[in-house]
Amino acid sequence: MKITSFEEYHQIYKHSLDQPEEFWAGVADTFQWRKKWDKVLDWNFTEPKVRWFDGAKLNITENCLDRHLDAIGDKPAIIWEPNDPTEDHRVLTYKQLHVKVCEFANVLKNNGAQKGDRICIYMPMVPELAIALLACARIGAIHSVVFGGFSAQSIADRIQDASCNIVITADGGFRGAKDIPLKNVIDDALVQCPSVKKVIVLTRTHTPVSMIKGRDVWWEDEIKKVETQGNTACEAEEMDAEDMLFILYTSGSTGKPKGVVHTCGGYMVYAGYTFDTTFQYQPEEIFFCTADIGWITGHSYIVYGPLSQGATSLMFEGIPTWPDAGRFWDVVDKHKVNILYTAPTAIRSLMSFGEEPLKGKDLSSLTKLGSVGEPINEEAWHWFDEKIGHGNCPIADTWWQTENGGHMITPIVGVTPLKPGYASFPLPGIQPVLVDEKGEEIHGNGVSGNLCIKYPWPGILRTTYGDHERCRQTYFATYPNMYFTGDGCLRDEDGYYRITGRVDDVLNVSGHRIGTAEVENAINMHATVVESAVVGYPHDIKGQGVYAFVVSPDKHENEDLTRKDIIMTVSRIIGPIAKPDKIQFVSGLPKTRSGKIMRRILRKIAEGDTSNLGDTSTLLDPGVVEEIKGGAL
Ligand code: WT7
């Protein structure tokens with residue numbers, strides 16, 4: 001939605017509050033439907049039940065591909081920049097992408113895929129990853145992408161939870177100087193996954209892999225088959241608006257990640273609408289989202305959002321610091337990127353290299369910037385603004401979550417007056433509220449509370465896969481008739497929103513969500529560990545680091561070796577992304593008489609703030625606090 005002024009934003013916002021269904025129907029009208037809806041919205045937050053555009057029929061890939069072919073078929077849909085700067089980049093026009101998606105959709109069918117099947121995708125950041133998602137959507141299969149930083153055990157848990165029957169992977173993936181053996185990890189996972197009948201393997205790194213007869217097939221061979229069969233066209237499957245589009249697992253305050261479910265119609269409308277509105281996308285612009293497709297940001301702002309709007313999406317396989325800390329700027333310069341959407345952790349990491357890596361890089365193509373994943377600190381905001389945007393690129397600090405499908409509270413570039421560190425205002429259609437401990441709405445400005453949303457939007461999660469009660473408990477039971485985000489929030493004197501971080505036991509490490517309970521479970525699996533408690537602490541680059549207090553009486557005489565063993569265990573159980581940054585061995589944990597771990601105290605110690613730990617006299621063993629304070633890392 002194009003908005004020309006802040007006044008117009010206020011008018012549209014007001015209309016979206018007064019006539020929400022009319023507002024969203026207007027947005028949905030800009031998409032292509034095989035059949036329009038009978039009812040815009042049917043909802044209650046008690047079950048919860050949310051149905052958008054009920055009765056409508058569509059296929060999201062017709063919106064992302066087919067509908068663009070006549071007008072902009074030769075426009076680049078995806079520009080792909082490889083990890084190694086000396087390798088050639090690739091460009092796929094809308095026509096070319098359409099053909100590749102159809103071909104691979106037929107590969108899926110040839111391998112037994114059917115509408116409604118769950119397909120796990122574990123791939124590097126190559127165009128075939130986007131093709132795999134779209135091919136699943138084309139035939140009505142539900143994709144479940146697992147980020148490359150998760151272990152075999154995590155993949156197995158996710159495959160089992162959704163009973164996936166097909167896995168799409170690659171021999172390996174390049175990330176900086178590393179070469180990640182993806183197929184090997186999948187082989188380890190599949191030992192526990194009898195539901196998987198086929199594994200389709202893309203060649204990327206030429207790493208030797210085992211290929212099991214009858215189960216494993218090469219992507220390239222399967223494509224050749226459909227080509228020789230002349231089977232390259234693939235009619236899109238007609239989907240109901242509320243059919244599942246994908247599952248994406250995310251961590252919460254309990255041990256087990258949950259499969260967030262998004263549906264075809266609502267998600268499409270929301271990803272497309274937010275992309276267009278937040279960034280005010282213009283037809284010739286090149287949009288570079290630096291996220292990995294393994295996370296929701298990549299789903300919504302590398303694949304579905306930009307493609308549904310006929311945009312050019314730049315996809316980067318590598319990392320910001322390889323071969324050197326100027327790589328992002330080389331990519332921007334080489335491809336004349338106009339809109340750069342990245343994360344505070346990347347900005348802070350690049351900031352730490354100073355200005356040398358920026359020398360000689362032409363960033364003048366940039367006109368708009370975006371940030372996502374965690375609250376952006378002012379220092380990083382100003383560096384991004386001055387050094388990258390040269391003071392004339394508005395920054396959209398986009399607050400949202402996996403469960404939301406797309407941006408919720410964000411500046412609209414060129415429209416919203418900015419305040420560093422503030423996600424500013426809700427997009428039209430979004431109704432945020434702050435509530436106090438009792439669940440009472442806090443009105444007015446200059447107030448803080450827990451952030452809830454009191455009215456549905458098309459991109460809201462519909463359920464957590466296979467466990468609707470868990471969805472209700474997690475998001476809709478804390479405060480009646482509201483979706484609870486788990487975030488704390490300030491609304492300042494001018495009505496600007498500033499997200500202050502999670503209020504539950506969830507950490508945000510480099511913009512990735514990690515549940516403390518999950519890490520504790522993994523640490524506790526280590527042979528010598530009796531129990532543990534994990535909290536976050538401020539980390540210069542990652543935002544939050546993982547601090548583990550561990551009770552392990554039978555350590556190796558070389559303590560550091562036990563630390564490394566524990567880190568290895570966490571890597572095996574969850575994946576390298578959850579590795580603790582600090583491990584402090586303690587003789588016991590501070591607990592209340594009823595046995596509850598006093599995390600508040602541990603958090604303060606981890607933060608290095610031991611001045612006021614509050615009353616510790618009621619603890620089971622008050623002495624342990626002194627010991628922990630003394631040994632803090
Ligand atoms: C959590 C969601 C949504 C894509 C990336 C993360 C935090 C996200 C911001 C922001 C302050 C932010 C919140 C939220 N968060 N963006 N702009 N300002 N906090 O997705 O893994 O679902 O995590 O990330 O705490 O609840 P996610």
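- Shown here is Gln229, whose CD atom has more than 12 heavy atoms of other residues, nucleotides or ligands within 6.0 Å.
- Scanning for side-chain contact (heavy atoms from CB on, under 4.5 Å) contacts around Leu41 gives Glu21, Trp43, Val50, Trp52, Tyr455, Pro456, with sequence neighbours left out.
- For the atom pair SG of Cys120 and NE2 of His143, the computed distance is 12.0 Å after rounding to the nearest 0.5 Å.
- Interatomic distance, Leu307 CG to Ile60 CD1, rounded to the nearest 0.5 Å: 9.5 Å.
- The aromatic ring centres of Trp24 and Tyr273 sit less than 6.0 Å apart.
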Inset, instruction - For the pair Thr250 and Ile296, evaluate side chain to side chain contact (heavy atoms under 4.5 Å, CB included) and give the outcome as yes or no after the intermediate values. - result: CA-CA 9 Å; Thr250 190; Ile296 190 72; over 6 Å; no
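- Within the 6.0 Å centre-distance limit, the rings of Tyr301 and Tyr341 are counted as a close aromatic pair.
- Between Lys256 and the options Asp467, Asp161, Asp157, a salt bridge (charged side-chain N to carboxylate O under 4.0 Å, His left out) holds for only Asp161.
- Listed for the Asp54 side chain is no donor-acceptor partner under 3.5 Å among the backbone atoms of Glu242.
- In summary, the side chains of Glu47 and Asn44 do present a donor paired with an acceptor at a separation below 3.5 Å, with no hydrogens or angles considered.
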Inset, instruction - Any chance you could lay out the salt bridge (Lys or Arg N to Asp or Glu O under 4.0 Å) test for Lys224 and Glu227, step after step, and finish with the verdict? - result: CA-CA 5 Å; Lys224 275 201 204 96; Glu227 279 170 355; over 6 Å; no
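- Residues Ala56 and Trp33 share a closest heavy-atom pair of CB-CE3, 3.6 Å.
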Inset, instruction - Decide yes or no on side chain to side chain donor-acceptor pair (under 3.5 Å) for Tyr483 and Gln401, but give the supporting numbers first. - result: CA-CA 12 Å; Tyr483 166 84; Gln401 311 175 292; 2.8 Å; yes
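- Counting only residues at least two apart or on different chains, the ring pair (Phe, Tyr, Trp, His ring centres under 6.0 Å) pairs with a member in residues 103-140 are Phe104-Trp219.
- Remark: Lys579 NZ is loosely packed, at most 12 non-hydrogen atoms of other residues, nucleotides or ligands lying under 6.0 Å away.
- Checking Phe246, Phe53, Trp457 one by one against Tyr267, the ring-ring contact (aromatic ring centres under 6.0 Å, His included) holds for a single residue, Phe246.
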Inset, instruction - Check the pair Phe279, Gln309 against side chain to side chain contact (heavy atoms under 4.5 Å, CB included), reporting the backbone distance first and the verdict last. - result: CA-CA 12 Å; Phe279 295 112; Gln309 302 306 300; over 6 Å; no
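- Contact of the Leu129 side chain with the Leu202 side chain is not registered, since no non-hydrogen atoms from C-beta on lie closer than 4.5 Å.
- Met211 CE: more than 12 foreign heavy atoms inside a 6.0 Å radius.
- Ile223 CD1 to Glu103 CD: the interatomic distance, rounded to the nearest 0.5 Å, is 5.0 Å.
- Sorted by first and then second residue, the ring pair (Phe, Tyr, Trp, His ring centres under 6.0 Å) pairs with a member in residues 68-103 read His68-Tyr94, His89-His335; sequence neighbours excluded.
- Checked against side-chain hydrogen bond (donor to acceptor under 3.5 Å, both in side chains), Arg34 has the following partners two or more places apart in sequence or in another chain: Glu62, Glu238.
- Legend: residues meeting side-chain contact (heavy atoms from CB on, under 4.5 Å) with Thr93, ordered by chain and number and at least two apart, are Lys95, Gln96.
- Every residue meeting the side-chain contact (heavy atoms from CB on, under 4.5 Å) condition with Ser251, not counting sequence neighbours, appears here in chain and number order: Glu518.
- Atom CZ of Arg572 has 12 or fewer heavy atoms from other residues, nucleotides or ligands within 6.0 Å.
- Interatomic distance, CG of Leu133 versus OG1 of Thr61, reported as 11.5 Å (0.5 Å rounding).
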Inset, instruction - List the steps and the verdict of side chain to side chain contact (heavy atoms under 4.5 Å, CB included) for Tyr249 and Ser144. - result: CA-CA 8 Å; Tyr249 285 83; Ser144 167; 3.6 Å; yes
Inset, instruction - List the steps, then state whether salt bridge (Lys or Arg N to Asp or Glu O under 4.0 Å) holds for Asp240 with Arg51. - result: CA-CA 11 Å; Asp240 285 329; Arg51 297 182 70 83; over 6 Å; no
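- In this structure, Thr398 and Val372 have side chains that are in contact, with non-hydrogen atoms separated by less than 4.5 Å.
- A side chain to side chain contact (heavy atoms under 4.5 Å, CB included) with Val217 holds for exactly one of Asn111, Val199, Val201; it is Asn111.
- Checking each of Ile155, Ile212, Val196 against Leu190 for a side chain to side chain contact (heavy atoms under 4.5 Å, CB included) leaves exactly one that passes, namely Val196.
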Inset, instruction - Before giving the answer on ring-ring contact (aromatic ring centres under 6.0 Å, His included), spell out for Phe476 and Phe484 the whole-Å C-alpha distance, their side-chain angles and the decisive distance to 0.1 Å. - result: CA-CA 6 Å; Phe476 300 93; Phe484 176 44; over 10 Å; no
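- The number of heavy-atom neighbours closer than 6.0 Å to CG of Asp29, taken from other residues, nucleotides and ligands shown, is above 12.
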Inset, instruction - Just do the side chain to side chain contact (heavy atoms under 4.5 Å, CB included) check on Phe287 and Thr312 with the steps written out, would you? - result: CA-CA 6 Å; Phe287 179 79; Thr312 298; over 6 Å; no
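- The closest side-chain heavy-atom distance from Thr485 to Met408 is not below 4.5 Å.
- Not less than 6.0 angstrom separates the ring centroid of His262 from the ring centroid of His299.
- The side-chain heavy atoms of Lys115 and Met239, taken from C-beta on, include a pair separated by under 4.5 Å.
- Within the 3.5 Å criterion, the main-chain N or O of Arg204 finds a donor-acceptor partner in the side chain of Asp171.
- Side-chain polar atoms of Arg118 and Ser195 form no donor-acceptor pair below 3.5 angstrom.
- In this structure, the side chains of Lys183 and Thr207 stay at 4.5 Å or more apart for every pair of heavy atoms.
- At a threshold of 4.5 Å between non-hydrogen side-chain atoms, the residues Leu507 and Arg513 do not count as touching.
- Sparse packing is recorded around NZ of Lys178, with 12 or fewer heavy atoms of other residues, nucleotides or ligands lying under 6.0 Å away.
- Here CG of Leu92 is found 7.5 Å from CD of Glu128. Values are rounded to the nearest 0.5 Å.
- Counting only heavy atoms from C-beta outward, the side chains of Ile168 and Leu108 approach each other to under 4.5 Å.
- From Glu403, atom CD reaches atom OG1 of Thr464 across 10.0 Å, with rounding to the nearest 0.5 Å.
- Under the 4.5 Å side-chain criterion, counting only non-hydrogen atoms from C-beta, Cys136 is in contact with Ile121.
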